[in-house]
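Inspection log for the structure reproduced underneath, given as structure tokens.
Sequence positions, counted from 1, serve as the residue numbers for this chain.
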Amino acid sequence: KRPKLGGNNMLETKIMTMDDFGAEWKYVSNLEEIKRRIPNLKITLFTIPAYYDNELKLIDDKRYTDWIFKNRDWIEIASHGYHHNGKSAEYGSTETSKIMPSDGGHVEGKRTYEQQYEFMNKGLEELQRFMPNGVKGYKAPGNHMNSDTLKALESLNFQYYMFLDTIYLWDINTARQFKRFIPVHKSEHSPHIQTPWEYEHWFNIDYNNTKFMFVSEYIHEITRGRI
């Protein structure tokens, strides 16, 4: 969060995020409650396109697709892996398209470049239908990453990835193209909003004096020196 001049008042800029969107439908009601209590809320949802424990992929679940299209004025979709299965297991095949969630799990961010690229690309193809200007951000499931993760992110033209409390930006002018970073002041107790204790403190925000931004909007403004 950083102060931003708005009219005669100093508005505080905040970016709000949620992990694991798409895991369980019941948590959508928590988002709706937060929006009711914070009318000017904008939030970036790190989204799982094919959560390993669900029967339907997100794009095939009409509840999600209808809700996302209805609420795109205050939600932004970003990528959070493909299956988000954090259990360690061996692939039964090098072709990721043949790996199903029932194989015991896969830590996506600890795979080869080719495997991670395929997961990310498949997720992008499915999520971009919700984002006319493209899916711009990524957060690794469980923060599991390796050097091949960065190569895949670069190959797929992601603008940023978020790791813990830091946003790393793609910058063609640096030797390491995700070298530039923005530390974020973390105020949430958890990256999830599955139970009230994880988000009730948000209701203490003075939203009348707060400007909420999607992560992609925040990056756009801060890289141009406007924040």
Side-chain angles (χ1 to χ4, degrees), residues 1-4 11-56 58 61 63-64 66-68 70-88 101 105 107-109 127 130 137-145 160-168 181-219:
K1 60 182 181 179
R2 296 179 181 219
K4 181 178 176 64
L11 296 181
E12 190 171 50
T13 299
K14 288 185 182 290
I15 56 172
M16 314 296 280
T17 68
M18 171 190 174
D19 287 6
D20 295 358
F21 181 71
E24 294 189 62
W25 172 252
K26 64 183 180 181
Y27 300 131
V28 171
S29 63
N30 293 343
L31 273 170
E32 292 174 338
E33 179 188 357
I34 295 168
K35 178 63 174 174
R36 283 193 295 270
R37 300 276 295 272
I38 307 177
N40 57 335
L41 176 73
K42 297 175 84 170
I43 186 169
T44 298
L45 305 176
F46 289 101
T47 302
I48 309 164
Y51 188 64
Y52 70 94
D53 206 27
N54 289 344
E55 294 182 1
L56 293 174
L58 187 141
D61 190 329
R63 297 172 303 174
Y64 278 109
D66 288 353
W67 189 87
I68 292 170
K70 180 182 177 182
N71 294 284
R72 283 193 302 183
D73 60 324
W74 63 277
I75 64 170
E76 175 182 51
I77 300 295
S79 177
H80 193 40
Y82 190 67
H83 294 304
H84 195 288
N85 196 333
K87 300 177 183 178
S88 60
V107 179
E108 295 172 27
L127 295 179
F130 304 118
Y138 179 83
K139 189 175 186 181
N143 293 303
H144 292 294
M145 299 180 67
Y160 73 89
Y161 73 88
M162 195 165 185
F163 184 83
L164 299 177
D165 301 339
T166 304
I167 301 169
Y168 292 84
F181 62 91
I182 306 170
V184 177
H185 175 72
K186 182 177 178 180
S187 62
E188 72 268 17
H189 303 317
S190 165
H192 310 100
I193 56 172
Q194 298 171 354
T195 57
W197 75 268
E198 295 174 299
Y199 62 83
E200 281 185 334
H201 61 289
W202 289 9
F203 302 143
N204 296 323
I205 295 172
D206 180 7
Y207 64 81
N208 288 316
N209 290 302
T210 300
K211 180 180 178 63
F212 294 97
M213 304 181 79
F214 299 136
V215 175
S216 63
E217 291 178 321
Y218 179 75
I219 290 171

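- Rounding to the nearest 0.5 angstrom, the gap separating the NZ atom in K211 from the OH atom in Y218 is 13.0 Å.
- At least one side-chain heavy atom of E217 sits less than 4.5 Å from a side-chain heavy atom of K42.
- For R37, there are no side-chain hydrogen bond (donor to acceptor under 3.5 Å, both in side chains) partners two or more places apart in sequence or in a different chain.
- Under the side-chain hydrogen bond (donor to acceptor under 3.5 Å, both in side chains) criterion, D206 pairs with N209, sequence neighbours left out.
- The structure places CG of L45 at 5.5 Å from CD1 of I75, a figure rounded to the nearest 0.5 Å.
- With contacts defined as side-chain heavy-atom distances shorter than 4.5 Å, the pair W25/N54 does not qualify.
- A pairwise comparison of heavy atoms in I15 and M213 identifies CG2-O, 3.4 Å as the closest pair.
- Closest approach of H201 to E198, counting heavy atoms only: CE1-O, 3.2 Å.
- Shown here are the side-chain contact (heavy atoms from CB on, under 4.5 Å) partners of E24, two or more places apart in sequence or in another chain: K26, Y27.
- Interatomic distance, I34 CD1 to I43 CD1, rounded to the nearest 0.5 Å: 6.0 Å.
- One distance of note links CD1 of I38 with CZ of F212; it measures 5.0 Å at 0.5 Å rounding.
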Before giving the answer on side-chain contact (heavy atoms from CB on, under 4.5 Å), spell out for T47 and I68 the whole-Å C-alpha distance, their side-chain angles and the decisive distance to 0.1 Å. CA-CA 11 Å; T47 302; I68 292 170; 5.8 Å; no
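- Side chains of L31 and F21 form a contact here, defined as non-hydrogen atoms less than 4.5 Å apart.
- Residues F46 and S79 share a closest heavy-atom pair of CD2-O, 3.6 Å.
- Closest heavy-atom contact between A78 and Y160: CB-OH, 3.9 Å.
- Distance check, rounded to the nearest 0.5 Å: CD of E33 to CD of E200 gives 7.5 Å.
- Scored by the side-chain contact (heavy atoms from CB on, under 4.5 Å) test, D20 finds A23, I48, H80, H84, H192, Q194 as partners (sequence neighbours excluded).
- Under the side-chain hydrogen bond (donor to acceptor under 3.5 Å, both in side chains) criterion, D61 pairs with R63, sequence neighbours left out.
- Checked against side-chain hydrogen bond (donor to acceptor under 3.5 Å, both in side chains), D66 has the following partners two or more places apart in sequence or in another chain: K62.
- When every heavy atom of T195 is checked against every heavy atom of N30, the shortest pair comes out as N-ND2, 4.3 Å.
- Scanning all heavy atoms of the two residues, the minimum distance from P191 to K139 falls at CB-NZ, 4.1 Å.
- For the atom pair M16 CE and W202 CH2, the distance stands at 4.0 Å (nearest 0.5 Å).
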